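Next up is a structure, given as structure tokens.
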Amino acid sequence: DNSIKAMIAYNLAYLNRFDIERSYKIFTKLTDTNNKGIIKSSLNSAQYFNHKYHAEMKPYFNRILEEKELNKEKFILVSSWLFDLDENKELYQKFVNTGQEAKLCALHVAEKFLTNDDGEINEKALSILFDFINETDKEFAQEYSGIILRKFKIKNFKSLISFLDSYSKSIVCKKHPSYFLDYLINCSKDYPKECMELVNNIDFSTTPNIQEMGYYDKAPVQLILGIYSKLVSEINKDKSLINKALD
């Protein structure tokens, strides 16, 4: 019965602690199928075999690449590169080239791995954020905005500055700048000059709609006021920057 096989495929990795070799043999037998339900269920267990059997799993990867309707759940095709298993990034590129949902999945995985236990930035995960910075659909604008809200910290500002510069000039920022503005407000007391440059990059030509996601009201003004307040409080005042803030 395929429903039973799907249930086994989903929970199979629990057997790895007893005998991973036998567990993997069961996995390969179960996934040698065109049944989409079983393939979908296998995605959970697949990640637990990936480190040990990545090379042997090539037929499995090719099989799941064909199931485009599962693109939102194919985390393993992104994490393989982050874990240095997909050394040439070939599997990752094949995956993200299959469509928008694959790219959104890659961003989702990148968010998970963006910082380590010490809060330091993972450069490979950050590079994924660069990969899709020129996308224009609102789904990408929402995804990037959410990542900034959940993962960007003041202590990472310097490490993120190159990305922040690219993002500030992008269409995805223009469509959903609210959490980015909040982040800059929080950072402005420590990095007023950099925040001034970033806010200067943002395209504010679109009138914010309170009925749409990403709505902002006085955040740009609050940001400039925060920058101005910091600039005038410094001993060595940058008068040109102060005047720019006033303008």
Side-chain angles (χ1 to χ4, degrees), residues 107-108 110-247:
L107 288 173
H108 181 77
E111 176 181 352
K112 181 178 179 181
F113 288 92
L114 190 59
T115 55
N116 61 21
D117 293 339
D118 296 323
E120 299 171 335
I121 296 296
N122 180 321
E123 292 299 326
K124 293 184 76 172
L126 182 62
S127 74
I128 294 177
L129 301 191
F130 276 102
D131 284 347
F132 312 114
I133 197 72
N134 293 320
E135 295 290 334
T136 58
D137 290 348
K138 66 178 182 180
E139 288 81 5
F140 286 93
Q142 292 170 3
E143 189 71 27
Y144 275 103
S145 186
I147 292 172
I148 290 171
L149 170 66
R150 293 183 291 267
K151 301 293 287 191
F152 283 29
K153 310 299 181 186
I154 297 174
K155 65 180 180 180
N156 300 130
F157 185 87
K158 283 291 188 180
S159 300
L160 293 167
I161 192 65
S162 180
F163 171 77
L164 295 173
D165 181 64
S166 296
Y167 177 77
S168 66
K169 301 171 184 175
S170 69
I171 292 177
V172 287
C173 177
K174 176 182 176 180
K175 289 186 174 182
H176 204 317
S178 54
Y179 295 135
F180 181 51
L181 291 170
D182 289 342
Y183 178 65
L184 295 184
I185 289 172
N186 291 331
C187 295
S188 62
K189 64 180 182 296
D190 296 318
Y191 306 101
K193 181 178 179 180
E194 293 86 346
C195 288
M196 174 71 81
E197 293 172 354
L198 292 170
V199 74
N200 193 54
N201 292 337
I202 302 175
D203 183 347
F204 290 108
S205 63
T206 301
T207 303
N209 188 335
I210 196 170
Q211 295 179 326
E212 296 179 357
M213 293 187 67
Y215 171 78
Y216 63 90
D217 185 10
K218 298 177 181 178
V221 176
Q222 292 171 341
L223 172 56
I224 296 299
L225 288 173
I227 293 171
Y228 175 78
S229 177
K230 176 62 178 178
L231 291 174
V232 297
S233 69
E234 293 181 344
I235 296 175
N236 298 317
K237 294 178 175 56
D238 187 332
K239 292 184 178 180
S240 63
L241 205 57
I242 290 172
N243 289 331
K244 187 175 182 179
L246 286 172
D247 289 341

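A quick note: this is a predicted structure, and the numbers were derived from the prediction, not measured. Note that these values count all heavy atoms, side chains included, but never hydrogens, waters or copies made by symmetry.
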Minimum heavy-atom distance K169-D165, with the two atoms named: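 For K169 versus D165, the nearest heavy atoms are NZ-OD2, 3.2 Å.
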Donor-acceptor under 3.5 Å (N243 side chain, K239 main chain):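 Here the side-chain-to-backbone pair exists.
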CG/D117: more than 12 non-hydrogen atoms of other groups inside 6.0 Å: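 Not buried by this count: 12 neighbours or fewer within 6.0 Å.
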NZ-CD1 distance between K244 and I224, expressed to the nearest 0.5 angstrom: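 Interatomic distance, K244 NZ to I224 CD1, rounded to 0.5 Å: 9.0 Å.
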K112 atom NZ: more than 12 heavy-atom contacts under 6.0 Å: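 Check fails, neighbour count at 12 or below.
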Over all atoms of both residues, closest heavy-atom pair of I128 and L107: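 Nearest heavy atoms, I128 then L107: O-CD2, 4.0 Å.
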Side-chain (Y144) to main-chain (C173) donor-acceptor, under 3.5 angstrom: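 No, because the side chain of Y144 does not come within donor-acceptor range (under 3.5 Å) of the backbone of C173.
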Nearest-0.5 Å distance that lies between atom CD1 in I161 and atom OG in S166: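 I161 atom CD1 to S166 atom OG measures 10.0 Å (nearest 0.5 Å).
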Min side-chain heavy-atom separation K153-T115 under 4.5 Å: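 Counting from C-beta outward, K153 and T115 never come under 4.5 Å.
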Gap separating the CZ atom of F180 from the NZ atom of K174, nearest 0.5 angstrom: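 Rounded to the nearest 0.5 Å, the CZ-NZ separation comes out at 15.5 Å.
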Inter-residue atom distance N186.CG - L223.CG, 0.5 Å rounding: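 Reported to 0.5 Å precision, the distance equals 10.0 Å.
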Parallel, tilted or perpendicular: ring planes of Y191 versus F157, cut at 30 and 60 degrees: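 If you compare the ring of Y191 with that of F157, the planes turn out parallel.
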Closest heavy-atom pair and its distance - I133, S170: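 Looking at all heavy atoms of both residues, the closest pair is O-CB, 3.6 Å.
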Residue pair K189 / I154, side-chain heavy-atom distance below 4.5 Å: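 Touching, per the 4.5 Å side-chain cut-off.
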Working for side-chain contact (heavy atoms from CB on, under 4.5 Å), residues L164 and E194: CA-CA 10 Å; L164 295 173; E194 293 86 346; over 6 Å; no
Atom of P220, atom of F204 and distance for their closest heavy-atom approach: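 So the two residues come closest at CG-CE2, 3.8 Å.
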Residues, nucleotides or ligands: over 12 heavy atoms within 6.0 Å of Y228 OH: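 Result for OH/Y228: open.
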Heavy atoms from other residues, nucleotides or ligands near CD1 of I242 exceed 12 (cutoff 6.0 Å):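 Above 12, so yes.
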Any side-chain heavy-atom pair of N156 and L114 under 4.5 Å: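 A side-chain contact under 4.5 Å is absent here.
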Rounded distance (nearest 0.5 Å) linking atom NE2 of H176 with atom CZ of F140: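 The NE2 atom of H176 sits 14.5 Å away from the CZ atom of F140.
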Closest approach of I227 to S188 (non-hydrogen atoms, all atoms of both residues):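 That would be CG1-CB, 3.8 Å.
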Residue K138 excluded, over 12 heavy atoms near NZ under 6.0 Å: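 Incorrect, the count does not exceed 12.
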Nearest-0.5 Å distance, CD of residue Q222 to CG of residue L184: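 Here the rounded value is 12.5 Å.
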L126 and L160, any side-chain heavy atoms less than 4.5 Å apart: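 SC-SC contact between L160 and L126 confirmed.
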Contact summary for E135 and V172, nearest pair of heavy atoms: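 Shortest heavy-atom contact: O-CG1, 3.2 Å.
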Whether N116 side chain and D118 backbone form a donor-acceptor pair below 3.5 Å: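 Checking the backbone N and O of D118 against the side chain of N116, a donor-acceptor pair under 3.5 Å is found.
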